[in-house]
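Scroll down for the structure; my scribbles are underneath it.
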Amino acid sequence: MDEQALLGLNPNADADFRQRALAYFEQLKISQDAWQVCAEALAQRIYSDDHIKFFCFQVLEHQIKFKYSELTEVQQQLIRETLITWLQAQMVNPQPEKTFIRNKAAQVFAMLFVTEYLTKWPKFFFDILSVVDLNPRGVDMYLRILMAVDAELVDRDVVHTSEEARRNTLLKDTMREQCIPSLVESWYQILQNYQYTNSELTCQCLEVVGAYVSWIDLNLIANERFINMLLGHMSVEVLREEACDCLFEIVNKGMDPVDKTKLVESLCQVLQSAGLFSIDQEDDVDFLARFSKLVNGMGQALITSWTKLVKSGDMKSAQDTLQAIEAKVALMLQLLIHEDDDISSNIIGFCYDYLHILKQLSALSDQQKTNVEAVMLAVMKKLTYDEEYNFENEGEDEAMFVEYRKQLKLLLDRLAQVSPELLLASVRRVFNTTLQNWQTTRFMEVEVAIRLLYMLAEALPVSHGAHFSGDVTKATALQDMMRTLVTSGVSAYEHTSVTLEFFETVVRYEKFFAVEHQHIPNVLMAFLDHRGLRHTNAKVRSRTAYLFSRFVKSLNKQMNPFIEDVLNRIQDLLELSPPENGYQALLSSDDQLFIYETAGVLIVNSEYSAERKQALMRNLLTPLMEKFKVLLEKLMMAQDEDRQMALADCLNHAVGFASRTSKAFSNKQTVKQCGCSEVYLDCLQTFLPALSCPLQKEVLRSGVRTFLHRMIICLEEEVLPFIPSASEHMLKDCEAKDLQEFIPLINQITAKFKRNLQMVTSVYKTAKFEEIQVTFRFQVYLLDFVQGRGNVKV
């Protein structure tokens, strides 16, 4: 082989050597006999370098996978002999091969198995077993090969063609007939020989059993000798995690519901007698996480059996199975309430399915009602943040807790379906107790009390959010809790999680304020002062800006008494912050969009006269227009590209803010009724000159184009006189992307004014398109447009 090229296989080699090695690999792949060189190198142990060995296996793998049919019988036999020779060498090598080489070798063995087992190598496993016997290194390779074979045959992450799927089915069927009993016997022998002397091999073997049990005859594994051995492993610290996983796979295997119930019950009796049902918070959490998964599997298996038995009408067996399920609830609750969230998370499936059973029963026993309440209390406790949660710098652990909370929410929703009255009473009790003493209560308890009130909105669904009408008991309870929330002063709690939960809940139950509108001023002040939009935490300010917009829009006419006060109080939050002032604004430009939208909604939905609305809208937009003119002049003179970009972004924000205020209007009629057409026409005249700016064209054109889209909706034909000039500037010195982004604007105009195409055509004819360097193809599009032949498309 090319020794120089092989140097590039070393991870520390420079780029040139690595490139040469890659090219050499490609060369060997297309070569007719290069694989033989690699086979010889492996069989005769010519190279000691691990990366070269790995490289040789890669070449063999490629040959087997893509070019095996081209080989003669003799050459195919050579590959078989090479692999067996390499395997024999593993028994006597001074040192075992590195793990990555053993894994690659196992993959090559598995590839050859898939290719030859049905035809030329039916004794594949027997030949391997005869070589490895019970040699530890040999057993290690044998188990790795088994896992690689399983991955080839049943790995759901690998996408197989229909032909490969049929082949894999045939391979599994043939294995079941010819060798699986022998393989199972070999696994038993390995477990028996190494369970006390080699935990690594024992764990590997348990992993193999767990993988294969899903597609082999369960009776080969679910028998007294195997199960007793596995249960024995549950008491051995270094083996019990793998033993848990193996038992889980056995329990998870599809089988007759009565037999499944018997199997699970027999396992549980032994596990319980071994003391494993008594959960200690101090126990090894890694093991308990696996054990929780096993209990979850057993519980869900019993529930599946119960469902099948009920459907088949076997009520006697169904009742026996239900009793077996009920007997596991105490253990389920111990795991659900465990302080480690992974352990708790693993049992949620069983808990959810158990509640689903209770939902189907005509009446609950006292014990079942007690179980429901216990689940409810567990969920409430586990929803609580712990002391270590980092609110300022949320990382992976925090993201996992957020996902875990989502699982708990599903449980809470299910609890509401089983016993809505009990859930409402429990939440009310926790909420009132906590809010009475919120000043001296830890933040996580205050947050979860408000969070539970918030979650009730979805757990107890109603039509159109009408939580405060209909069912008197529910409406009264929710109304009382909301009244407590907004009058208790808890909005002043100095922790971001409580603050955010307060605002989220206030907005979630906005219809409360239609019933008790006297609380609106206090909540508005909370939004507007240091608790909300002026909070010291940027995350709170940002979220509050969005929630404030939703709150105002939902209250609509009830905001009338407060409009001018609110507009005055948010004045400083509406200021456009030029890049040169160095002032760190309270809100980001994205957050300011919500404030401008809120201001627009307040003005448009007010009961003021059209003249007053026009004046307020002009007061809102005039500072933007004035700043825009000044900044545009500065941009035209700016030399530094970074400054140009900063100024262009600021100009774009100004256009975006003006555009966002127009979201309060649904059509031209509402704009006219408010007397605001003139204000927006002034904005158009102010913003359009930016299109002729030769600097930062992409940013500026994007903003103005978006504003034009909005104005076509709000001003309709009044915007048409501005279109020719705007079009000329947007298409001047344009690129393909500019044309592509301009076409939706033409489409919108065509659709909007198709009944008055004559006006549109005359307007467009005033545009001097012949003076613009527009492609011929685009001129054809424009011709289609002015002749009214439907929408323009790229």
Side-chain angles (χ1 to χ4, degrees), residues 1 33-65 68 71-117 119-152 175 178-179 182-194 197-198 200-202 204-205 208:
M1 286 200 279
D33 56 0
W35 66 269
Q36 296 185 45
V37 178
C38 293
E40 184 183 358
L42 289 169
Q44 297 185 15
R45 291 178 280 170
I46 294 173
Y47 294 101
S48 60
D49 187 287
D50 294 328
H51 298 95
I52 296 178
K53 296 176 193 174
F54 187 84
F55 177 79
C56 290
F57 274 119
Q58 280 184 304
V59 175
L60 274 186
E61 181 183 36
H62 184 269
Q63 184 70 32
I64 296 167
K65 190 171 184 178
Y68 199 69
L71 301 180
T72 65
E73 289 277 351
V74 174
Q75 290 174 321
Q76 291 174 356
Q77 179 63 26
L78 176 60
I79 289 182
R80 289 193 287 274
E81 290 172 356
T82 296
L83 292 179
I84 291 296
T85 302
W86 180 87
L87 184 60
Q88 289 169 333
Q90 303 315 299
M91 320 295 154
V92 296
N93 280 353
Q95 293 295 325
E97 297 283 10
K98 294 282 175 43
T99 302
F100 72 96
I101 295 176
R102 283 180 276 160
N103 286 339
K104 176 54 71 176
Q107 289 171 6
V108 175
F109 269 100
M111 194 79 66
L112 194 58
F113 164 82
V114 168
T115 307
E116 292 212 320
Y117 181 68
T119 53
K120 298 170 182 169
W121 203 357
K123 295 192 177 297
F124 176 87
F125 289 110
F126 297 107
D127 288 349
I128 290 173
L129 280 169
S130 67
V131 170
V132 303
D133 194 25
L134 284 174
N135 179 287
R137 290 191 198 167
V139 169
D140 172 85
M141 273 311 304
Y142 167 59
L143 295 172
R144 288 178 194 276
I145 292 167
L146 283 167
M147 288 303 295
V149 167
D150 179 75
E152 283 289 331
M175 284 180 68
Q178 296 181 356
C179 67
S182 298
L183 296 185
V184 172
E185 183 58 33
S186 73
W187 304 338
Y188 183 79
Q189 295 301 325
I190 291 168
L191 292 173
Q192 196 172 43
N193 275 276
Y194 290 110
T197 59
N198 193 323
E200 188 175 340
L201 282 183
T202 305
Q204 272 182 265
C205 192
V208 168

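For residues 128-150, there are no ring-ring contact (aromatic ring centres under 6.0 Å, His included) pairs, not counting sequence neighbours.
Atom CD1 of residue Ile101 and atom CD1 of residue Ile52 lie 10.5 Å apart, to the nearest 0.5 angstrom. Here the CG atom belonging to Leu71 is positioned 12.5 Å from the CD atom belonging to Gln77, to the nearest 0.5 angstrom. Atom CG of Leu183 sits about 6.5 Å away from atom CG of Leu129, to the nearest 0.5 Å. Annotation: the span from Leu78 atom CG to Leu83 atom CG amounts to 9.5 Å, rounded to 0.5 Å. Summarising the geometry, atom CD1 belonging to Ile64 is positioned 11.5 Å from atom CD belonging to Gln107; distances are rounded to the nearest 0.5 Å. Note that the CE atom of Met147 and the SG atom of Cys205 stand 11.0 Å from one another [nearest 0.5 Å].
Under the salt bridge (Lys or Arg N to Asp or Glu O under 4.0 Å) criterion, Asp50 pairs with Lys53, Lys98, sequence neighbours left out. Glu40 is linked by a side-chain hydrogen bond (donor to acceptor under 3.5 Å, both in side chains) to nothing, counting only residues two or more places apart in sequence or in another chain. By the side-chain contact (heavy atoms from CB on, under 4.5 Å) test, Arg144 is found to be paired with Thr99, Arg102, Asn103, Ala106, Asp140, Met141, Gln204, residues two or more places apart in sequence or in another chain being considered. Taking Lys120 as the reference, Glu73 meet the salt bridge (Lys or Arg N to Asp or Glu O under 4.0 Å) condition, with sequence neighbours excluded. Every residue two or more places apart in sequence or in another chain was checked for a ring pair (Phe, Tyr, Trp, His ring centres under 6.0 Å) with Trp35, and none qualifies. For Ser48, there are no side-chain contact (heavy atoms from CB on, under 4.5 Å) partners two or more places apart in sequence or in a different chain. Taking Gln88 as the reference, nothing meets the side-chain hydrogen bond (donor to acceptor under 3.5 Å, both in side chains) condition, with sequence neighbours excluded. Every residue two or more places apart in sequence or in another chain was checked for a side-chain hydrogen bond (donor to acceptor under 3.5 Å, both in side chains) with Glu152, and none qualifies. The side-chain contact (heavy atoms from CB on, under 4.5 Å) check on Phe54 picks up Gln58, Phe100, Lys104, with sequence neighbours excluded. Taking Asn93 as the reference, Arg45 meet the side-chain hydrogen bond (donor to acceptor under 3.5 Å, both in side chains) condition, with sequence neighbours excluded. Qualifying ring pair (Phe, Tyr, Trp, His ring centres under 6.0 Å) partners for Phe113, counting only residues two or more places apart in sequence or in other chains: Tyr117, Phe124, Phe125.
In this structure, the side chains of Met111 and Leu60 stay at 4.5 Å or more apart for every pair of heavy atoms. Counting only heavy atoms from C-beta outward, the side chains of Leu143 and Ile190 approach each other to under 4.5 Å.
Phe109 and Trp86 have tilted rings, their planes meeting at an angle from 30° to 60° on a 0 to 90° scale.
When all heavy atoms are compared, the tightest approach of Phe126 to Gln178 is CZ-O, 3.9 Å. Closest non-hydrogen pair, Ala43 versus Thr85, comes out as O-CG2, 3.8 Å.
With hydrogens and angles disregarded, a donor-acceptor distance shorter than 3.5 Å links the side chain of Gln76 to the backbone of Tyr68. Between the side chain of Thr202 and the backbone N or O of Tyr194 there is at least one donor-acceptor pair closer than 3.5 Å.
In the displayed structure, Gln192 atom CD is contacted under 6.0 Å by more than 12 heavy atoms of other residues, nucleotides or ligands.
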